[in-house]
Amino acid sequence: MATKLFIADWAAAGLDFLFPPRCANCDADLGCVETRSVLLCDACIDALGPHEWVGCSRCGAAVTPGSAAAATCPGCRGRSLQFDTVLPLSAYRDQVRSAVLKMKRPSGDPLAYAVGRLFHLRRKDMLMQLCPHWIAPIPMHWIRRAMRKTNSAELLARQIARGLGTPLATGLLRRVRNTRPQPGLSPVERFKNVRGAFEACEDYDLGKARILLVDDVLTTGATASEAASVLKRAGATQVAVAVVARAEGDDPL
């Protein structure tokens, strides 16, 4: 056994020498073991995933320190949102915005995997408190999936599920209508645009289930709310949403 471990360590060291691991976001060299495990450099880890997020417990919107205990914020108060809580990794600005846009392309798949690992690292305690039975990505319509050739939400969900040891349910939701892109639509138009866009798969028994939905960005919450509504009609009792970035309501994404 000791000989096998020695050979494995020697082989890994040789590969690192020939192909030094690099940051999935900025391509910088990765020096320490911690950054290699996430495949992000220290600078990108700090930029993409703050240790804490001070936000509304309902919609995830950033709030001033001391207000985080409120059940709602002015942005979601009085709005019919079907999910129960939102866990953002960061705000949709600067390097986070660039990373999210990069993850929407096939070349950004390694970054999506890395950010998924970072999400688990930064929000592990909060995720474990949710005790989800399944983790599911927000699905793309097959036409858009064929055009984009990737779905960052699915890659993010895969890493979060792996970190928590929770089953990944990529087929839990189906997108049955190819909706218009949300950017450029008003908040009211966004909610109308996604109405009836999802169906729950009958292969899953969702009675009293707790579901964690995963997506890259949440702005008005229209897409996540519609997905949560479908899951709750199918029997789920709790639907939480994990997103890389929480945008403001007037953000163009």
Side-chain angles (χ1 to χ4, degrees), residues 21-28 30 35 38-50 53 55 59-62 75 86-123 135-160 170 173 175 178-187 189-190 193-194 197 213-227 241-253:
R22 307 186 72 84
C23 175
N25 186 46
C26 71
D27 204 37
L30 298 180
T35 56
V38 184
L39 290 182
L40 293 168
C41 67
D42 287 332
C44 287
I45 287 176
D46 291 340
L48 299 178
W53 176 261
C59 73
V86 176
L87 277 65
L89 179 63
S90 192
Y92 184 66
R93 58 172 180 262
D94 304 329
Q95 290 189 50
V96 178
R97 182 196 300 263
S98 298
V100 167
L101 296 177
K102 187 184 298 184
M103 289 189 298
K104 292 181 180 293
R105 303 188 295 269
S107 60
D109 285 357
L111 176 58
Y113 279 117
V115 173
R117 285 194 288 269
L118 179 62
F119 195 107
H120 172 257
L121 179 68
R122 288 289 195 247
R123 303 289 176 261
I135 295 178
I138 294 289
M140 298 174 68
H141 191 270
W142 69 268
I143 294 178
R144 189 172 299 178
R145 176 64 181 264
M147 295 175 61
R148 189 174 289 180
K149 297 181 175 61
T150 190
N151 181 9
S152 58
E154 183 174 326
L155 304 183
L156 293 164
R158 189 174 301 278
Q159 291 302 307
I160 295 172
T170 56
L173 278 174
R175 197 153 192 154
N178 191 20
T179 57
R180 296 166 56 194
Q182 295 283 67
L185 300 181
S186 70
E189 290 173 330
R190 288 179 180 228
N193 186 44
V194 296
L213 286 174
V214 179
D215 207 356
D216 51 7
V217 180
L218 187 143
T219 305
T220 60
T223 301
S225 182
E226 180 65 20
V241 183
V243 292
V244 173
R246 180 58 168 93
E248 297 299 326
D250 57 354
D251 196 282
L253 184 57

Please name the pair of heavy atoms, one in [X] and one in [Y], separated by the smallest distance, quoted to 0.1 Å.
X: Arg190; Y: Leu185; result: NE-O, 3.2 Å
X: Ala112; Y: Leu156; result: O-CD2, 3.3 Å
X: Leu111; Y: Ala99; result: CD2-O, 3.7 Å
X: Ala245; Y: Val96; result: CB-CG1, 3.7 Å
X: Cys23; Y: Leu40; result: SG-CA, 3.8 Å
X: Val38; Y: Ala114; result: O-CB, 3.3 Å

Can you find a pair of side-chain heavy atoms, one from [X] and one from [Y], that are under 4.5 Å apart?
X: Val194; Y: Gln182; answer: yes
X: Val100; Y: Tyr92; answer: yes
X: Pro137; Y: Leu213; answer: no
X: Arg122; Y: Ile45; answer: yes
X: Arg123; Y: Pro88; answer: no
X: Thr179; Y: His141; answer: no
X: Val244; Y: Ser90; answer: no

ask   = In this structure, are over 12 heavy atoms from other groups packed under 6.0 Å from Arg180 atom CZ?
value =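 Not buried by this count: 12 neighbours or fewer within 6.0 Å.
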query = Can you tell me if CZ on Arg93 sees more than 12 non-hydrogen neighbours from other groups inside 6.0 Å?
reply =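 Counting other residues, nucleotides and ligands, CZ of Arg93 stays at 12 neighbours or fewer.
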Roughly how far, to the nearest 0.5 Å, is [atom2] of [Y] from [atom1] of [X]?
X: Asp42; Y: Leu30; atom1: CG; atom2: CG; value: 9.0 Å
X: Thr150; Y: Lys104; atom1: OG1; atom2: NZ; value: 10.5 Å
X: Cys44; Y: Asp46; atom1: SG; atom2: CG; value: 9.0 Å
X: Leu39; Y: Leu118; atom1: CG; atom2: CG; value: 11.0 Å
X: Met140; Y: Ser152; atom1: CE; atom2: OG; value: 8.0 Å
X: Glu154; Y: Asp216; atom1: CD; atom2: CG; value: 13.0 Å

Ile138/Arg175 under side chain to side chain contact (heavy atoms under 4.5 Å, CB included): CA gap, chis, key distance, verdict = CA-CA 9 Å; Ile138 294 289; Arg175 197 153 192 154; 4.1 Å; yes
query = Taking the side chain from Arg246 and the backbone from Val217, do they hold a donor-acceptor pair closer than 3.5 Å?
reply =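 Flag not set: sc Arg246 to bb Val217 has no pair under 3.5 Å.
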